[in-house]
*Asks:* 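Take this structure first; my questions come after.
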Protein chains: 2
Amino acid sequence: MEKPYLPLDEETLFLVSQTFKALADPTRIRILHLLFERELSVTNIAERLDLNQSNVSHQLRFLKNLRLVKYRRDGKTIYYSQDDEHVMKILQQTIDHACHH
Amino acid sequence: MEKPYLPLDEETLFLVSQTFKALADPTRIRILHLLFERELSVTNIAERLDLNQSNVSHQLRFLKNLRLVKYRRDGKTIYYSQDDEHVMKILQQTIDHACHH
DNA sequence: TTTATATATGAACATATATTCATATTATAA
DNA sequence: TTATAATATGAATATATGTTCATATATAAA
């Protein structure tokens, strides 16, 4: 008996592609990689990665919209941290995989 | 003692971003999803997904360059199949993850 | 040979994306 | 209040990307 092919529905397709799109940009990878360790402020991320503050802010919004990161405010400072174990695990795996080749 | 931050080297960063870029496009996701089952010809893929033959050919080249798919020739027909277990596993995981949300 | 079929390729184009700049918002300190 | 610091936002822009079209290449059949 043949296993029937189940086409991917639009919604799943969109969600999956968006998730990978988040991981497809070097800047976002570097940001998420930083957040493996611990939460960091926007300024801190920008300094460590030598990036424009505005650029970091834009990328964090992108990641926040996909719920890959979350934030908390402390005074004037906003601290960002990871918010999706599954995706972070996939990123870690793929980095490891790439390193050993 | 603080765990030191190890910045990602350029090569790893490029490889990782390229890998995710391959998975970041709905058309390529659909193609790879088809190849979960078994090898398929270019025409077959195009028919099943209702895509332009040229489009499929371009996408397959992209995937082939990243060694995510391989091919074999049989007469005039070229059959493509998956060639990276790790990446296919990640794709499967993420599709499952997306379905159940 | 000529013809038909399967696939690949390059150019063109429209759209998407990443980044920067200037400025707005928000919160604190003076 | 005014000034300062941290972050967010929108417009502008340059570049990247996906798709189509027309055509080239490769193989097989007539």
Side-chain angles (χ1 to χ4, degrees), chain A residues 8 10 13-35 38-81 83, chain B residues 8 10 13-35 38-81 83:
Chain A
L8 292 168
E10 276 297 325
L13 204 55
F14 181 74
L15 234 164
V16 172
S17 66
Q18 280 298 111
T19 302
F20 285 125
K21 209 162 280 181
L23 302 174
D25 175 69
T27 300
R28 286 192 292 270
I29 293 174
R30 293 173 76 210
I31 291 173
L32 288 173
H33 184 244
L34 263 186
L35 298 181
R38 55 187 171 86
E39 66 172 12
L40 288 170
S41 71
V42 179
T43 306
N44 212 320
I45 294 170
E47 280 171 355
R48 279 167 173 253
L49 301 181
D50 192 28
L51 293 170
N52 195 304
Q53 176 269 321
S54 177
N55 189 2
V56 174
S57 201
H58 279 300
Q59 303 298 354
L60 286 170
R61 179 165 56 173
F62 185 107
L63 296 171
K64 182 167 58 67
N65 287 341
L66 282 170
R67 297 180 194 284
L68 301 189
V69 301
K70 62 181 187 295
Y71 67 91
R72 71 176 180 87
R73 176 182 280 279
D74 181 12
K76 281 175 295 190
T77 307
I78 295 183
Y79 292 96
Y80 281 84
S81 56
D83 198 29
Chain B
L8 291 169
E10 276 297 324
L13 203 54
F14 181 74
L15 234 164
V16 172
S17 65
Q18 281 298 111
T19 302
F20 285 124
K21 210 162 280 181
L23 303 174
D25 175 67
T27 300
R28 287 192 292 270
I29 294 175
R30 293 173 77 210
I31 291 174
L32 289 173
H33 184 243
L34 263 186
L35 298 181
R38 55 187 171 87
E39 67 172 12
L40 288 170
S41 72
V42 179
T43 306
N44 212 319
I45 294 171
E47 280 171 355
R48 278 167 173 253
L49 301 181
D50 192 29
L51 292 170
N52 196 304
Q53 175 269 321
S54 177
N55 190 2
V56 174
S57 202
H58 278 300
Q59 302 299 353
L60 285 170
R61 179 165 58 172
F62 185 106
L63 296 171
K64 183 167 59 67
N65 287 341
L66 281 170
R67 297 181 194 282
L68 301 189
V69 301
K70 61 181 188 295
Y71 66 92
R72 71 175 180 87
R73 176 183 281 278
D74 180 15
K76 282 175 293 191
T77 307
I78 294 182
Y79 291 96
Y80 280 84
S81 56
D83 197 29

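Residue numbers start from 1 in every chain, and the chains themselves are labelled A, B, ... in the order their sequence lines are given, proteins ahead of strands.
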*Asks:* Taking the nucleotide of DNA chain C with the closest heavy atom to each, which residue, B/Ser41 or A/Thr27, is nearer the 5' end?
*Replies:* B/Ser41
*Asks:* Would you mind reading off the distance between B/Leu23 atom CG and D/dG18 atom P, rounded to a whole angstrom?
*Replies:* 12 Å
*Asks:* With sequence neighbours left out, what residues match B/Asn65 under side-chain contact (heavy atoms from CB on, under 4.5 Å)?
*Replies:*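 For B/Asn65, the residues satisfying side-chain contact (heavy atoms from CB on, under 4.5 Å) (neighbours in sequence not counted) are B/Arg61.
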*Asks:* Can you list everything that forms a side-chain contact (heavy atoms from CB on, under 4.5 Å) with B/Gln53? Sequence neighbours excluded, please.
*Replies:*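 B/Val42, B/Ser57.
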*Asks:* Once you build an axis from the first five pairs and another from the last five of the helix from C/dT1-D/dA30 to C/dA30-D/dT1, how far apart in angle are they, to 10 degrees?
*Replies:*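 Helix axis angle between the two ends: 10°.
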*Asks:* Which of residues 60-79 of chain A have a heavy atom under 4.0 Å from DNA chain C?
*Replies:* A/Arg73, A/Gly75, A/Lys76
*Asks:* Categorize B/Gln59 for me: base, sugar-phosphate, or nothing, with a 4.0 angstrom heavy-atom threshold over every strand shown.
*Replies:* sugar-phosphate
*Asks:* Among all residues two or more places apart in sequence or in another chain, which pass the side-chain hydrogen bond (donor to acceptor under 3.5 Å, both in side chains) test with A/Arg28?
*Replies:*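 Scan of A/Arg28 (side-chain hydrogen bond (donor to acceptor under 3.5 Å, both in side chains), adjacent residues dropped) gives A/Gln59.
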*Asks:* In chain order, what residues pass the side-chain contact (heavy atoms from CB on, under 4.5 Å) check against B/Asn44, with sequence neighbours excluded?
*Replies:* B/Leu40, B/Ser41, B/Arg48
*Asks:* Is A/Arg73 reaching over with its side chain to a backbone N or O of A/Gly75, donor-acceptor style, under 3.5 angstrom?
*Replies:*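 Side chain of A/Arg73 to backbone of A/Gly75: a pair is present.
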*Asks:* Who pairs with B/Glu39 by side-chain hydrogen bond (donor to acceptor under 3.5 Å, both in side chains), at least two apart in sequence or on another chain?
*Replies:*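 Expected list: B/Arg72.
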*Asks:* Output the rounded distance in Å from CD1 (B/Ile31) to P (D/dG18).
*Replies:*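 Whole-Å distance recorded here is 11 Å.
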*Asks:* Under the side-chain contact (heavy atoms from CB on, under 4.5 Å) rule, collect the residues that match up with B/Ala24, sequence neighbours excluded.
*Replies:*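 Applying side-chain contact (heavy atoms from CB on, under 4.5 Å) to B/Ala24 gives A/Phe20, A/Lys21, A/Ala24.
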*Asks:* Once you round it to whole Å, what is the distance between P of D/dT17 and CZ of B/Arg28?
*Replies:* 9 Å
*Asks:* With a non-hydrogen cut-off below 4.0 angstrom, is A/Asn52 in contact with a base, only sugar-phosphate, or nothing?
*Replies:* sugar-phosphate
*Asks:* For B/Asn52, check side-chain hydrogen bond (donor to acceptor under 3.5 Å, both in side chains) against everything at least two apart and list the hits.
*Replies:* none
*Asks:* Nucleotide range of DNA chain C contacted by chain B, 5' to 3', under 4.0 Å to a heavy atom?
*Replies:*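 Taking any atom under 4.0 Å from a heavy atom of chain B, the span is C/dT5 to C/dG10.
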*Asks:* The criterion is side-chain hydrogen bond (donor to acceptor under 3.5 Å, both in side chains); which residues satisfy it with B/Asp83, sequence neighbours excluded?
*Replies:*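 Result, side-chain hydrogen bond (donor to acceptor under 3.5 Å, both in side chains) vs B/Asp83: none returned.
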*Asks:* Please give, in whole Å, the distance from D/dT25 P to B/Gln53 CD?
*Replies:* 16 Å
*Asks:* Between B/Val42 and A/Val56, which has a closest nucleotide on DNA chain C that is more 5'?
*Replies:* B/Val42
*Asks:* Under the ring pair (Phe, Tyr, Trp, His ring centres under 6.0 Å) test, which residues partner A/Tyr80, sequence neighbours left out?
*Replies:*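 Residues passing ring pair (Phe, Tyr, Trp, His ring centres under 6.0 Å) with A/Tyr80: A/Tyr71.
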*Asks:* Applying side-chain contact (heavy atoms from CB on, under 4.5 Å) to A/Leu51 and A/Arg30, what does each step give before you reach the verdict?
*Replies:* CA-CA 11 Å; A/Leu51 293 170; A/Arg30 293 173 76 210; 4.2 Å; yes
*Asks:* Do B/His58 and D/dT20 have a side chain to base donor-acceptor pair shorter than 3.5 Å?
*Replies:*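 Answer yes: a donor N or O sits under 3.5 Å from an acceptor.
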